[in-house]
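Report on the structure given below.
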There are 2 protein chains.
Amino acid sequence: MVVSGRQTGRPTLEEVAARAGVGRGTVSRVINGSPRVSEQAKAAVDRAVAELGYVPNRAARALAGSRTDAVALVIPETEARLFAEPYFLDIIRGVSAELADADKQLLLTLIRSDKERQRFEQYLAAQRVDGVLLVSVHADDPLPDQVRALGLPAVLNGRRSEAEPVAYVDSDNVGAGRSAVAHLAGRGRRRIATVTGPLDMYVARCRLDGYRQGLAEAGLASDAALVATGDFTEEGGRRAMRELLARTPDLDAVFAASDVMAAGARGVLREAGRRVPEDVALVGVDDSAVARHMDPPLTSVRQPIEEMGRTMARLLLQEIGIASEEQPRRVLPTELVVRDSS
Amino acid sequence: MVVSGRQTGRPTLEEVAARAGVGRGTVSRVINGSPRVSEQAKAAVDRAVAELGYVPNRAARALAGSRTDAVALVIPETEARLFAEPYFLDIIRGVSAELADADKQLLLTLIRSDKERQRFEQYLAAQRVDGVLLVSVHADDPLPDQVRALGLPAVLNGRRSEAEPVAYVDSDNVGAGRSAVAHLAGRGRRRIATVTGPLDMYVARCRLDGYRQGLAEAGLASDAALVATGDFTEEGGRRAMRELLARTPDLDAVFAASDVMAAGARGVLREAGRRVPEDVALVGVDDSAVARHMDPPLTSVRQPIEEMGRTMARLLLQEIGIASEEQPRRVLPTELVVRDSS
DNA sequence: GCCACGTGTGGGAGCGCTCCCACTGCGTCT
DNA sequence: AGACGCAGTGGGAGCGCTCCCACACGTGGC
């Protein structure tokens with residue numbers, strides 16, 4: 001027996017029109033919520049739609065109209081490994097929730113090679129999505145500008161620089177550094193070091209700035225010897241921590257710009273015989289699962305990741321609706337979660 | 001100044017045909033790789049495509065043909081919290097890689113409420129995707145059957161039961177339990193307990209079966225007092241561990257059916273003054289980031305998650321290509337990763 | 001009473017493809 | 001030699017929508 005698989009039984013707009021006793025145009029207007037329809041006609045159409053179980057065919061819509069009702073979320077794969085992974089899942093969660101409410105599709109695109117990047121650009125050019133969400137862009141990433149050049153709305157997660165021209169949603173990274181240092185200073189720490197992210201990333205520079213501001217506000221002197229550069233990986237955290245211990249053995253606290261780097265640092269501290277938090281207090285950023293499961297559990301600065309995802313989606317939908325000249329930007333607050341490591 | 005945004009400049013198939021000096025039909029055939037085209041015509045079309053930078057309009061394709069070149073990956077949100085999160089990211093990674101090679105879209109759908117579930121079903125009915133990938137289905141989940149009833153190919157990640165009627169990709173969960181127990185027994189452990197997942201999930205039952213087989217193969221007696229039921233959460237692991245300690249204080253090893261539960265168990269063991277691994281050896285499943293960052297690092301049974309994702313996508317593409325009656329199934333092997341906790 | 005207007009409506013003309021039928025040549029079989 | 005097949009081809013007819021023009025009605029002003 002051959003199964004057809006292709007049930008042509010789905011009602012079309014034309015059938016709805018016939019059943020409601022109106023023209024195609026009127027049905028289309030009702031479906032799309034145009035105000036130029038009489039109460040009576042609207043009611044008739046609504047009933048016909050319900051009776052027939054009509055669902056508009058999106059391909060036809062996309063072809064005839066211009067919008068596609070789909071939005072792309074782009075994650076460069078190189079970054080995906082760097083950040084604590086749950087980060088992306090939370091972003092996805094937030095984006096997905098917001099898009100579902102607006103009845104838009106979420107198209108997920110991982111870009112892991114130049115070939116795929118090219119394919120994606122082609123894809124955009126083929127008018128396949130209404131807008132683009134970009135996660136974790138590097139300072140030199142041209143993708144956001146390319147997207148905008150195609151006339152597509154875009155929203156970034158994180159900025160590439162202070163003067164980011166494209167719409168973005170970021171968290172208060174300066175505040176993250178400040179609150180971490182304030183907390184450490186408040187517990188009597190005086191030689192507070194930091195392990196930074198890669199300094200070609202704006203997020204890393206912001207957290208470093210916050211660290212410095214925090215020191216100043218606590219009346220502590222800044223000391224270049226207390227700053228070591230990592231790369232957001234565990235191994236990078238380890239390397240930076242070794243460097244710090246060699247340079248400034250008298251440090252009594254470390255602010256790591258990510259939980260993963262904090263985990264690396266923690267390993268080195270243990271090998272060096274430093275107890276956490278007795279000898280060295282430790283604070284990370286992300287409040288990830290890693291932080292909760294470290295020994296001792298890591299004090300960390302929480303970012304509202306899912307909320308960032310939601311906000312990104314919201315801004316994008318807004319831009320799709322009304323193509324404003326001005327690029328919206330949001331900076332969301334962070335929050336210190338105190339655990340045993342500090 | 002108003003920006004148009006709508007560059008109509010994209011070449012159409014018709015233009016390509018004109019430029020190549022052939023008919024529309026021939027261009028379509030070349031684009032779709034039909035064999036019924038002369039070398040000469042193909043060359044002309046290929047050149048025209050390259051010169052014009054032609055990219056087929058997918059909406060038109062979907063409307064005229066029947067396929068959409070898109071595949072949905074569905075993740076029930078309730079589950080998303082249960083499993084170690086990176087699991088999903090790895091699945092996504094694998095699926096995405098495979099789909100990109102086949103030039104298919106990945107549509108990500110998180111379902112977190114009945115409303116969204118309904119919307120998704122409507123969506124499927126509207127012929128919007130060529131196939132569906134389903135992650136982490138519960139034993140009583142009707143979604144897979146609904147999808148198949150709509151005539152859409154589907155592939156599950158994990159089975160709902162031994163006799164799963166729908167195509168699936170699973171990992172060797174029995175083998176996972178066996179190898180964990182074999183390892184523990186090999187290190188001289190004799191009172192090996194287990195913390196299971198929720199027993200209405202087939203995966204949990206399989207791991208428990210594996211545990212029992214492992215005991216039998218090591219010549220150790222099965223003892224109901226050594227089995228406690230968890231629910232794949234950390235808190236569940238904690239509860240189960242307390243239960244085990246109360247019932248069988250002489251246990252010297254624990255096989256937890258997930259890393260997250262192992263983390264919960266580890267906390268309880270510590271509170272009870274049992275050292276890991278000296279007093280109690282601990283093994284988990286997933287080989288997640290949590291496992292690597294535990295103290296001591298957790299021995300864990302690794303699943304080839306990304307590979308599962310790839311395989312799922314591959315099976316689905318295959319089914320889309322040739323609608324076979326028979327549902328393919330794959331079971332991938334697991335691998336023990338030994339660390340300090342055992 | 002006539003014109004101008006605004007509101008609501010029907011339906012033609014596509015959007016850019018795929019499907020498929022009809023047609024041309026040419027080689028092959030009787 | 002004629003009949004037949006078949007590879008290769010062109011192009012008509014949609015797919016199910018949206019857009020927009022045209023038109024039927026009011027209603028108000030003069």
Side-chain angles (χ1 to χ4, degrees), chain A residues 4 6-45 48-49 52-70 103 122-123 125-128 130, chain B residues 4-45 48-49 52-70 103 123 125-128 130:
Chain A
S4 103
R6 182 124 310 279
Q7 295 97 325
T8 42
R10 308 236 33 103
T12 69
L13 184 142
E14 187 112 31
E15 285 160 34
V16 174
R19 177 154 199 139
V22 299
R24 269 184 10 259
T26 302
V27 177
S28 178
R29 261 164 246 139
V30 172
I31 300 287
N32 294 295
S34 158
R36 310 215 154 291
V37 186
S38 67
E39 280 304 316
Q40 201 181 21
K42 176 166 167 18
V45 170
V49 165
L52 263 41
Y54 170 72
V55 182
N57 178 318
R58 299 232 195 184
R61 245 188 185 171
L63 180 58
S66 28
R67 72 183 187 294
T68 62
D69 282 341
D103 204 23
Q122 263 207 350
Y123 187 78
Q127 309 279 11
R128 301 276 296 128
D130 294 339
Chain B
S4 102
R6 180 123 313 279
Q7 295 97 324
T8 42
R10 309 234 33 103
T12 68
L13 183 142
E14 187 112 31
E15 286 160 34
V16 174
R19 177 155 198 138
V22 300
R24 273 188 3 264
T26 301
V27 176
S28 178
R29 261 164 245 139
V30 172
I31 299 289
N32 294 294
S34 158
R36 309 216 155 294
V37 186
S38 67
E39 280 305 315
Q40 201 182 19
K42 176 165 168 19
V45 170
V49 165
L52 262 42
Y54 171 72
V55 182
N57 178 320
R58 299 232 194 185
R61 244 188 186 173
L63 181 57
S66 27
R67 71 181 187 293
T68 61
D69 282 340
D103 204 20
Y123 186 79
Q127 310 279 12
R128 300 276 295 129
D130 294 339

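Every chain is numbered from 1 and lettered A, B, ... according to where its sequence line falls, protein lines coming before strand lines.
One interatomic measurement links the two molecules: CD1 of I31(A) to P of dT9(C), which rounds to 15 Å at whole-angstrom precision. As rounded to whole Å, 12 Å separates atom C1' of dT9(C) from atom CD of Q40(A). Counting to the nearest Å, the P atom of dC5(C) and the CZ atom of R36(A) are 16 Å from each other. Look at CG on L63(A): it is 13 Å from C1' on dC19(D), rounded to the nearest Å. Summarising the geometry, the separation between CZ on R67(A) and P on dC15(C) is reported as 18 Å, rounded to the nearest angstrom. Atom pair L13(A):CG and dT9(C):P shows a separation of 15 Å (rounding to whole Å applied). Atom-to-atom, CZ of R24(A) to P of dG16(D) comes out at 12 Å; the value is rounded to the nearest Å. Summarising the geometry, the separation between CZ on R58(A) and P on dC17(D) is reported as 12 Å, rounded to the nearest angstrom.
Comparing P56(B) and P35(A) by the nucleotide of DNA chain C whose heavy atom lies nearest to each, the residue mapping closer to the 5' end is P35(A).
Rounded to the nearest 0.5 Å, atoms CD (E14(A)) and OH (Y54(A)) are 10.5 Å apart. Once rounded to the nearest 0.5 Å, the distance linking CZ of R24(A) with CZ of R29(A) reads 10.5 Å. The line from CG of L52(A) to OG1 of T12(A) is 8.5 Å long, rounded to the nearest 0.5 Å.
S38(A) has a side-chain polar atom (N or O) that falls below the 4.0 Å cut-off from OP1 or OP2 of dT9(C). Regarding contacts with the backbone of dT9(C), every side-chain N or O of T26(A) stays at 4.0 angstrom or more from both OP1 and OP2. Residue S28(A) places no side-chain N or O under 4.0 Å from the OP1 or OP2 atom of dC17(D). Considering only side-chain N and O atoms, N57(B) lies nowhere under 4.0 angstrom from the phosphate OP1 or OP2 of dC15(C). Side-chain nitrogen and oxygen atoms of R61(B) include at least one within less than 4.0 Å of the OP1 or OP2 phosphate oxygen of dT18(C).
Salt bridge status for R128(A) with D69(B): absent, with no side-chain N to carboxylate O gap under 4.0 Å.
Contact of the S28(A) side chain with the L13(A) side chain is registered, since non-hydrogen atoms from C-beta on lie closer than 4.5 Å.
Here A59(A) lies out of heavy-atom contact (under 4.0 Å) with every strand. Here G25(A) lies in heavy-atom contact (under 4.0 Å) with a base. Note on A62(B): nothing from the nucleic acid sits closer than 4.0 angstrom, heavy atoms only.
Relative to the side chain of R29(B), the nucleotides dC15(C), dG11(D), dA13(C) differ in distance, and dG11(D) lies closest.
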